[in-house]
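Here's the structure, in structure tokens; my notes come after.
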There are 2 protein chains.
Amino acid sequence: MAVYTDITEDDLKRFLTEYDVGDLTSYKGIAEGVENSNFLLHTTRDPLILTLYEKRVEKSDLPFFLGLMQHLAARGLSCPLPLPRRDGALLGTLSGRPAALISFLEGMWLRKPEARHCRDVGAALAKMHIAGEGFTLTRPNALSLDGWHTLWEKSEARADEVEKGLQAEIRGELAFLAANWPKDLPAGVIHADLFPDNVFFLGDGLSGLIDFYFACNDLLAYDVSICLNAWCFEKDGSYNMTKGMALLEGYESVRPLSRAEAEALPILSRGSALRFFLTRLYDWLTTPPDALVVKKDPLEYLRKLRFHAAVSSVGEYGLSRP
Amino acid sequence: MAVYTDITEDDLKRFLTEYDVGDLTSYKGIAEGVENSNFLLHTTRDPLILTLYEKRVEKSDLPFFLGLMQHLAARGLSCPLPLPRRDGALLGTLSGRPAALISFLEGMWLRKPEARHCRDVGAALAKMHIAGEGFTLTRPNALSLDGWHTLWEKSEARADEVEKGLQAEIRGELAFLAANWPKDLPAGVIHADLFPDNVFFLGDGLSGLIDFYFACNDLLAYDVSICLNAWCFEKDGSYNMTKGMALLEGYESVRPLSRAEAEALPILSRGSALRFFLTRLYDWLTTPPDALVVKKDPLEYLRKLRFHAAVSSVGEYGLSRP
């Protein structure tokens, strides 16, 4: 939950004069997004989301993120649409921060998703991968192999505080991934953070995807592996084959995976489990114990990593191949 | 900012079946209120506020708070209205907490209020005092003389950590207030926390009062003194006579203060300054330094207290008397 920067009504009204959005009737800071400050605005027309980009977001990345949402929405993907100012710019300044006004997407994220939702998520991810084609800006994935090493260097010395033997295990894992990471798979724009809180459902269906602030260029099947990690494990750590099967079927109903992509799922999933393990480990070790934030347990992702390392065939994910 | 308890879509939908409010289309945790968890709901009809009452709120006080909002709204005061369930109850249960659905009040609280807003606040406070007449439930003010002593006992030993000499000064202040506190002034239902973030403005006017969770029975003029402290001092600690005059004129345009009430303003304002000083001092001393909450400086209210202690005539507040 996050409202790092407050705004005055006067500043907000001045900011809004650059847009054609009706008159402001209320604004509330909302507890969504961990990197930025978000406000839900009511106006005499449609509700809107106002995002103030905080210091953790690189300002030079904003044209990629905002342009991508515009590109995806123009190609029919349901996602928030940045509204242009009267001068055409997608970005303004408010309370000293870069700020954007974004369409409000109705729907709710599911605290307890079921297999049918995983199917919808798989299909939506594939649609996003296809809709992303032709987007001309690029952004390398800062949280791939090189990024993992940089992150690991910051936590390595204290890793065994979390679990004995962790230092040796992660060193081995990083070496394995560096030596075996696939290179020749289809690449494109990936979401890279499609967790349940970034997918909205309304009525019986998926109503849209949000939060493209980790989006980047990388292997498309790596994005699938992130979703397997984010959607298809139970609280007790077990892999839910029914959900995995549904997610993969949903994905392949729109964009079938090549044989090489399918076979790479175990190592890609090891990599994406390691990626979330490393950011959580870093936060775990650096967040003060008294801070009023929920520290996410890094070991959840270590257990997922170990699961993937033990997978011997993609059939174990529920992927059916003739 | 506060969302202490999260809710699942299924639980929320089940909760809403008890109400006649249309279909849910989204819900977002909002960063308002420090005692409870608040969500802004969109439905196929009107937006709503859902409040989950956390442990710091006495469950036995809820009928007073909710009944008061209903009583005030029925008498024409613009304030949030608790919606009754189909069975007539104002309170349900959600995620293990008492929960109420409350009408959404459009408008924005002012980060930088001006004198004309102070006038509106004074008038709205007086309207609330009059609208509160006839409300049959009562709730003693837990944060009056006795409560201050209880609070002080928890901080007394460490008070000089905040400022040297503070222990002796506050002891003297408490003794003075106990000996001189007025008793025979008009009493009724007071808001007791009418700070800028609890007053909404829309367009050119005040659109309503919110957050009645400190409301109680006490001296009406004490509520005026809380507003003088909350609205009429500048960031540099100086009293803004123009704002004070506007607030008092606004109040008296609806409910003139008696001579005794007017003359009691300095001591009542000392008391209300002490009340906020003591809760802030307690929070200051007990909130861990790393916690991600903004600790409000207790000395702000000590400076206000000293200002009131030095007032020799109510003219110094801007109150004109023939």
Side-chain angles (χ1 to χ4, degrees), chain A residues 1-13 16 23-34 37-44 46-47 49 95 104-114 117 196-197 199-203 207-208 210 286-295, chain B residues 1-13 16 23-34 37-44 46-47 49 95 104-114 117 196-197 199-203 207-208 210 286-295:
Chain A
M1 96 174 152
V3 177
Y4 302 100
T5 304
D6 197 19
I7 42 181
T8 70
E9 188 205 1
D10 284 348
D11 287 348
L12 179 53
K13 284 189 168 165
L16 292 177
D23 295 324
L24 183 68
T25 59
S26 91
Y27 66 103
K28 311 266 186 209
I30 57 174
E32 297 205 351
V34 290
S37 296
N38 289 294
F39 295 83
L40 170 49
L41 275 50
H42 286 182
T43 73
T44 45
D46 294 322
I49 294 286
S95 296
F104 183 85
L105 199 66
E106 297 288 352
M108 291 151 277
W109 68 268
L110 302 177
R111 276 67 172 172
K112 294 178 181 173
E114 298 167 11
H117 304 118
D197 55 339
V199 181
F200 285 177
F201 288 83
L202 190 59
S207 63
I210 67 161
T286 55
T287 305
D290 291 327
L292 289 179
V293 292
V294 179
K295 295 209 280 187
Chain B
M1 95 177 154
V3 176
Y4 303 100
T5 303
D6 196 20
I7 43 181
T8 69
E9 189 205 2
D10 284 347
D11 287 348
L12 178 54
K13 283 189 167 164
L16 292 177
D23 295 323
L24 183 68
T25 58
S26 90
Y27 65 103
K28 310 265 186 211
I30 57 173
E32 297 207 351
V34 291
S37 296
N38 289 295
F39 295 83
L40 170 48
L41 275 51
H42 286 182
T43 73
T44 45
D46 294 322
I49 294 287
S95 297
F104 183 85
L105 200 66
E106 297 288 352
M108 291 150 277
W109 69 266
L110 302 178
R111 276 66 172 174
K112 294 178 181 173
E114 298 168 11
H117 305 117
D197 55 339
V199 180
F200 286 177
F201 287 83
L202 189 60
S207 64
I210 66 161
T286 55
T287 305
D290 291 327
L292 289 178
V293 292
V294 179
K295 295 210 282 186

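Numbers restart at 1 for each chain; the letters A, B, ... are given by sequence-line order, proteins then strands. Here the structure is a predicted model, which is why all the values come from computation and not from measurement.
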**Request:** Drop me the distance from A:L110's CG to B:D10's CG, to the nearest 0.5 angstrom.
**Result:** 8.0 Å
**Request:** Could you pull out all residues at least two apart from A:T8 that satisfy side-chain hydrogen bond (donor to acceptor under 3.5 Å, both in side chains)?
**Result:** A:D11
**Prompt:** Listed by chain and number, what are the ring-ring contact (aromatic ring centres under 6.0 Å, His included) partners of A:Y27, not counting sequence neighbours?
**Reply:** none
**Item:** Any A:R111 side-chain heavy atom under 4.5 Å of B:D6 side chain
**Value:** yes
**Asked** Which atoms form the tightest heavy-atom contact between B:G107 and A:S26, and what is the distance?
**Response** O-CB, 3.4 Å
**Message:** Return the CG to NE2 distance between B:L40 and A:H42, rounded to the nearest 0.5 Å.
**Reply:** 4.5 Å
**Contact origin within B:L24 toward chain A - heavy atom pairs under 4.5 Å** = both
**Closest-packed option against chain B by number of heavy-atom pairs under 4.5 Å, given A:E9, A:M108, A:K13** = A:M108
